[in-house]
Amino acid sequence: MPVTLTTKRCFALVDCNNFYASCERLFRPDLKQKPLVVLSNNDGCIIARCALAKQLSIPMGAPFHQMKALLKQHQVAVFSSNYALYGDLSNRVMQTLEQLAPKVEIYSIDEAFLELSGLDFCQNLTDFGQQVRSTIYQQLGLPVCVGIAPSKTLAKLANYAAKKYPQFEGVLDLTEPHKRLHILARTPVQEVWGVGRKLAERLQAMNIDTALQLARACPQQIRKKFSVVLARTVNELNGIACLTLDEVQEPKQQIISSRSFGQRVKAKAEMQQAITLYISRAAEKLRAQHSLARQLSVFIRSSRFEQKSRFFGDQASLELESPSNDSRVLQQAAMQLLDRIWRDGPAYAKAGVVLSDLCAVQGLQNSLFTPPPSERSQRLMATIDQLNQKHRGSVFIARQGRDGNWQMQQQFLSPAYTTRWDQLPEVC
DNA sequence: TCTGGGGTCCTAGGACCC
DNA sequence: TCTGGGGTCCTAGGACCC
């Protein structure tokens, strides 16, 4: 077997195929030969499709209600999204990857970059990619594809091609420049990481339609006409690594909790319940990353799709006297904000809260000017988090109430197979 | 009836100062 | 009274990602 000494930068992108759909299918072997889709929160849109469903031309992001007839006609299995399940399986995929490569950056719930630079693998890179694929499939039953290249942007593109063209068998190594031309020339510019719909339109107006044409553009001109970001993309497409592997997950700078309602909200008391729930969720996330928030916003809005009535939306923010992660403090502040923006009349479709201007609990403990949150508050919150971790929703602020009509619709929710003992799959 | 949620980064423009 | 330019900081909004 040839030995590849990678002295240059080398990245692999591992991406799970149709992740949510694959997760659902894992526990339903009876659906192996059947098309399957997963819906967004509130069963609003289709956000994941298995290969068979894709063949039926069910578009990504299509509103569920518009697709119902087609789904029924082809007997497509439908699932509400089950983030407890996907999150748990994602963790297992990442743990497996960490055993296979020394440096791993968890990029999203279903993707990770591996850095292979400077490693003298006793195998070529395609074989390494196949090993990743087979290990994850054997251990977890989830299919993945692997793209390998000297920059992250090219690794993304290699992954895209590994998925698209069956002859690569799920792994594509683009470290050799001459292998790239062919692929870049066949990849539409919109498939390049960092090029969305708007940029693609502007690029196409300049006769840049493919990834290869973008790679051959002048970075300085792109910088001038577009942005530093796109200029960096041009360099990355030429194999010049501008992005590095970020192994450590930085704490979030902003935490959002928002949701569309299962049914329109008209009463203020219901809105108060919803906002209280969202605040609790956001505060939980805040504490999980050991942060405090200085700023808080609340927003409410009616539906943009409503024909009969005019759209209404408003938001308000405030700065806390001292940074906090205490659900009670944040909840009170949120209620004040809601009082400011609430209007009787509109049928509200969505609301949310945003925590921002975050800082670390640690840093504040040594500050002379801002008092740190009290021991008592920290201990109480830690206890609540522990209880809720064991049993979701066991402790909550009374204002939140139980079972409002506004709560999320999840008509097709699968059991929490992997995270709840009472919902373990049964083998008959 | 029914159209997701949660993030990041960059830029443009205004306010303000020297 | 008239004139100028450069710098910083902040915010809102846009574009992108999954």
Side-chain angles (χ1 to χ4, degrees), chain A residues 13-20 37-48 59-69 71 78-83 86-87 90 105-113 152-153 156 159-160 189-203 222-233 242-243 246 249-264 278 281-282 284-286 289 295 297 299 301-308 311 315 317 319 347 349-358 405 408-412:
Chain A
L13 177 71
V14 183
D15 190 322
C16 300
N17 303 354
N18 319 322
F19 183 56
Y20 297 169
V37 297
V38 178
L39 306 180
S40 65
N41 273 340
N42 243 335
D43 297 339
C45 301
I46 292 168
I47 53 165
M60 175 76 168
F64 174 47
H65 69 94
Q66 287 175 7
M67 292 287 124
K68 268 185 177 162
L71 296 170
V78 176
F79 289 90
S80 301
S81 38
N82 183 344
Y83 287 102
Y86 314 146
S90 170
E105 173 190 335
I106 299 170
Y107 178 67
S108 75
I109 193 162
D110 71 333
E111 288 171 76
F113 284 102
K152 283 178 150 183
T153 305
K156 271 276 206 185
N159 190 289
Y160 161 81
V189 75
Q190 223 205 296
E191 299 300 333
V192 173
W193 190 34
V195 179
R197 195 169 47 88
K198 295 270 180 184
L199 279 179
E201 276 170 20
R202 286 174 61 195
L203 286 166
I222 293 287
R223 161 81 187 93
K224 239 168 133 183
K225 284 193 179 146
F226 296 87
S227 67
V228 281
V229 184
L230 195 62
R232 202 169 58 197
T233 301
C242 305
L243 302 168
D246 301 318
Q249 296 231 318
E250 295 294 324
K252 303 246 183 294
Q253 299 173 33
Q254 152 177 307
I255 290 172
I256 301 176
S257 177
S258 76
R259 209 123 300 173
S260 301
F261 300 125
Q263 280 175 38
R264 299 276 190 264
Y278 302 157
R281 287 278 171 282
E284 224 173 76
K285 292 186 205 166
L286 189 63
Q289 64 164 33
Q295 192 165 340
S297 322
F299 66 85
R301 60 174 73 132
S302 63
S303 171
R304 293 189 186 281
F305 301 99
E306 198 69 58
Q307 311 266 316
K308 282 170 271 170
F311 174 77
Q315 71 97 35
S317 338
E319 200 147 317
K350 183 174 179 176
V353 303
V354 184
L355 304 177
S356 53
D357 203 350
L358 309 186
N405 285 332
M408 208 183 359
Q409 279 193 29
Q410 293 183 303
Q411 214 188 320
F412 314 99

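Proteins get letters first, then strands, A, B, ... in listed order; numbering begins at 1 in each.
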Would you call the rings of A:Tyr278 and A:Phe261 parallel, tilted or perpendicular, taking 30° and 60° as the class edges?
parallel
Evaluate the ring planes of A:Tyr20 and A:Tyr86, with Trp represented by its six-membered ring, and classify them as parallel (under 30°), tilted (30 to 60°) or perpendicular (over 60°).
parallel
Check whether any side-chain N or O of [X] sits under 4.0 Å from OP1 or OP2 of [N], and answer yes or no.
X        : N     : value
A:Lys350 : B:dT3 : no
A:Ser40  : B:dT3 : no
A:Lys68  : B:dT3 : no
A:Arg264 : B:dC2 : yes
A:Ser260 : B:dG5 : yes
A:Arg281 : B:dG6 : no

Could you tell me the separation between the [atom1] atom of [X] and the [atom2] atom of [N], rounded to a whole number of Å?
X        : N      : atom1 : atom2 : answer
A:Tyr86  : B:dG6  : OH    : C1'   : 17 Å
A:Ile255 : B:dG7  : CD1   : P     : 6 Å
A:Ile109 : B:dG6  : CD1   : C1'   : 12 Å
A:Gln253 : B:dG6  : CD    : P     : 17 Å
A:Ile256 : C:dC17 : CD1   : C1'   : 14 Å
A:Met67  : B:dT3  : CE    : P     : 14 Å
A:Glu105 : B:dG7  : CD    : C1'   : 14 Å
A:Asn405 : B:dT1  : CG    : P     : 18 Å

Students often get this wrong, so: under 4.0 angstrom with heavy atoms, is [X] touching a base, only sugar-phosphate, or nothing?
X        : result
A:Arg259 : sugar-phosphate
A:Ser257 : sugar-phosphate
A:Val192 : sugar-phosphate
A:Asn41  : sugar-phosphate
A:Glu111 : sugar-phosphate
A:Phe305 : base
A:Leu39  : nothing
A:Arg223 : sugar-phosphate
A:Asp110 : sugar-phosphate

Under a 3.5 Å limit for both distances, which nucleotide forms a Watson-Crick or G-U wobble pair with B:dC18, could you say?
C:dG5
Test log, rule ring pair (Phe, Tyr, Trp, His ring centres under 6.0 Å), inputs A:Phe79 and A:Phe412
CA-CA 5 Å; A:Phe79 289 90; A:Phe412 314 99; 8.6 Å; no
By nearest heavy atom, map A:Val228 and A:Ala349 onto DNA chain B; which one lands nearer the 5' end?
A:Ala349
Selected nucleotide, minimal atom distance to [X] side chain, candidates [options]:
X        : options               : value
A:Ser258 : B:dG5, B:dG4, C:dA15  : B:dG5
A:Pro63  : C:dC16, B:dT3, C:dC17 : B:dT3
A:Ser227 : B:dT11, B:dG7, B:dT3  : B:dT11
A:Lys252 : B:dC10, B:dG7, C:dC17 : B:dG7
A:Gln66  : B:dT3, B:dC10, C:dA15 : B:dT3

In whole Å, measure the gap between the C1' atoms of C:dG4 and B:dC17 for me.
14 Å
Residues A:Lys156, A:Glu111: salt bridge by 4.0 Å N-O rule
yes
Report the distance from atom CD1 of A:Ile255 to atom NZ of A:Lys285, rounding to the nearest 0.5 Å.
7.0 Å
Rounded distance (nearest 0.5 Å) linking atom CD of A:Glu319 with atom OG of A:Ser356:
9.0 Å
Kindly indicate, with the supporting measurements, whether the criterion ring pair (Phe, Tyr, Trp, His ring centres under 6.0 Å) is fulfilled by A:Phe305 and A:Phe311.
CA-CA 9 Å; A:Phe305 301 99; A:Phe311 174 77; 9.9 Å; no
